[in-house]
Engineer: 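Encoded as structure tokens, here's the structure I'll be asking about.
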Number of protein chains: 2
Amino acid sequence: MTTGGKRGRRTPARRSGARSHPTRERILDAAERLFAQRGFHGVSIRDITGAADVDVALANYHFGSKQGLLEAVFARRAEELNGERLARLDALLAAGRRKAPTLEEIIDAFTHPLLDRSARGGPGWKSYFALVAEVNNSPEFGGVLMTRTFDQVVQRFIEAIRRALPGCEERDLYWAYHFLSGALTLTFAETGRIDKLSGGVCRSNDLDSVHERLVPFCAAGFRALCVRKGRTRKPPARRSKAAR
Amino acid sequence: MTTGGKRGRRTPARRSGARSHPTRERILDAAERLFAQRGFHGVSIRDITGAADVDVALANYHFGSKQGLLEAVFARRAEELNGERLARLDALLAAGRRKAPTLEEIIDAFTHPLLDRSARGGPGWKSYFALVAEVNNSPEFGGVLMTRTFDQVVQRFIEAIRRALPGCEERDLYWAYHFLSGALTLTFAETGRIDKLSGGVCRSNDLDSVHERLVPFCAAGFRALCVRKGRTRKPPARRSKAAR
DNA sequence: AATCTAGTTGAACGTCCGTTGAATTTCAAC
DNA sequence: GTTGAAATTCAACGGACGTTCAACTAGATT
């Protein structure tokens, strides 16, 4: 899988540090933008290499196949994103060593890196998040690609939320994250639907306004799920995972 | 637009009441399933007509173009869905003429028709909702197709929520609906990601469990957005639309 | 029986698809 | 200046794409 083609062909450019490799990056940029606009199957390799102004064979040379190109686009910005998400989470955990961070702080650490890059990180990031939104809702790629790319970090966040909401059942915790993920991805898809629906009162690209509302919306949702039962059904007995 | 092709060609079958038109329905069924699985561009007309076991030319004959076929698939179940949503809403408004319906009741009237059909309405409905999820998050079709198909009914629901949350600002109301829409569509996309993430604790196809959590999650979210300001900023002054 | 039309068929249209192979260029290391 | 691998170019492969067309069938209307 990682070596690509079917007959000895392998993806190159592991040397040279992968830094400032102009052709590769140009192809990734064009693929990112076009995949986000029209979806994986809606874009041809010729569309991409044409937009990047490189030869059509170079996409296969550098990425093995069209699917390999999609995965490379998906992975390129994920490392930076996951890195900042974890850094923010660790900062929270380190700062409040005595007192666990609040739910709002945790959710903000999860969503703010997206907001910041989509609003101020350049058009590549905007395309990237729109692509993630499409993939997240796609039965074809959603389950596999999202899991592989993000779920390790997501597990860290869910663990932090678990501590912030003691006694919360696991199912409630995961479903609440699922709702957060849906709200988040639709937001960054920026389809413009909400602009029309609201008659211009809301603007898809006013991400700061959305984020300011997304965090309390989801925090309240988490609490609604985790509090309602924690008191009335099973008192504390959650497995044997100690009290704390 | 409604008559299709470029040269006098028009979509037929307005006669005969469009009832029990087997070929049309077979094509729509196959298109619904395949579009949901692989997206609009990921499926060819030959895939669809092959699965429906009809001649290739019949898709263009009945629906004008591939895009026309997508729109027909999208519209076919929308009428029934919008109808039941409105019926439930009207029943709520009629029943509690003295006291306005609660937020939870309104959200349930909006989401329960989806839950019920996806869980117990046959595989066609499941495919339909997965397709809606993909379209909703697609920059290419999302803004146009969702607006045209659903937003008239959505406006009715937002109006009902507006009465249930007096003093809520318009922007908060619409953004909260937007988050609800994102959570809802990702849920019905059933990509299986949450199954892996939760290690089997959550199952994508256990829609009754999800719905039981989606309603309180979103209701709490709505209240969190509408209450925080409703008291501290503008007291009651919402336009001049009378009091009651 | 003749007419008409919606429905269906099979074939073909020109175009684009993802991928590959062989030849050529680039450029750093020796 | 030679060598050798990486990068790039050009052309082509077989096949699939959406759409169209003329011919044909079936069933109702005259």
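Quick note on labels: first sequence line is chain A, next is B, and so on, each numbered from 1.
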Engineer: So, using salt bridge (Lys or Arg N to Asp or Glu O under 4.0 Å) as the criterion, who are the partners of B:D53 when residues are at least two apart?
Structural biologist: none
Engineer: What is the distance, to the nearest angstrom, from the CZ atom on A:F63 to the P atom on D:dT8?
Structural biologist: 11 Å
Engineer: Enter the distance from A:E159:CD to A:L173:CG here, rounded to the nearest 0.5 Å.
Structural biologist: 10.5 Å
Engineer: Could you run down the sub-3.5 Å N/O contacts of the protein with nucleotides 10-16 of chain C?
Structural biologist:
unit_1 : atom_1 : unit_2 : atom_2 : d
C:dG10 : N7     : B:D55  : OD1    : 3.2
C:dG10 : N7     : B:D55  : OD2    : 3.2
C:dA12 : N6     : B:R46  : NH2    : 3.3

Engineer: Has A:H62 got a side-chain N or O lying under 4.0 Å from the OP1 or OP2 atom of D:dT8?
Structural biologist: yes
Engineer: In whole angstrom, what separates B:N60's CG from D:dA22's P?
Structural biologist: 16 Å
Engineer: Could you tell me how far apart B:L34 (CG) and D:dA16 (P) are, to the nearest whole angstrom?
Structural biologist: 16 Å
Engineer: Checking A:A78 now: which residues fulfil side-chain contact (heavy atoms from CB on, under 4.5 Å) with it, not counting sequence neighbours?
Structural biologist: A:N82, A:Y128, A:T149, A:F150
Engineer: Rounding to a whole Å, what distance do you find between A:F35:CZ and C:dG18:C1'?
Structural biologist: 12 Å
Engineer: Below the 4.0 Å mark, does C:dT8 have OP1 or OP2 next to a side-chain nitrogen or oxygen of B:T23?
Structural biologist: yes
Engineer: Any cation-pi pair here, A:R85 with A:F110, using under 6.0 Å and within 45°?
Structural biologist: yes
Engineer: Using whole Å, report how far CD1 of B:I45 lies from C1' of C:dT9.
Structural biologist: 16 Å
Engineer: D:dT20, C:dT19, C:dA6: which one has an atom nearest the side-chain heavy atoms of B:Y61?
Structural biologist: C:dA6
Engineer: Do any pairs count as a salt bridge (charged side-chain N to carboxylate O under 4.0 Å, His left out) and have a residue in residues 176-194 of chain A, sequence neighbours left out, and if so which ones?
Structural biologist: A:K126-A:E190, A:R193-B:D151
Engineer: Take the protein atom CD1 of A:I48 and the nucleotide atom C1' of C:dT19, then report the distance between them rounded to whole Å.
Structural biologist: 14 Å
Engineer: Tell me: CG of B:L70 to P of D:dG18, nearest whole Å?
Structural biologist: 13 Å
Engineer: Rounding to a whole Å, what distance do you find between A:H21:NE2 and C:dC27:P?
Structural biologist: 12 Å
Engineer: Among all residues two or more places apart in sequence or in another chain, which pass the ring-ring contact (aromatic ring centres under 6.0 Å, His included) test with B:H112?
Structural biologist: B:H211
Engineer: Using the test salt bridge (Lys or Arg N to Asp or Glu O under 4.0 Å), find all partners of A:R38 that sit at least two apart in sequence or belong to another chain.
Structural biologist: A:D47
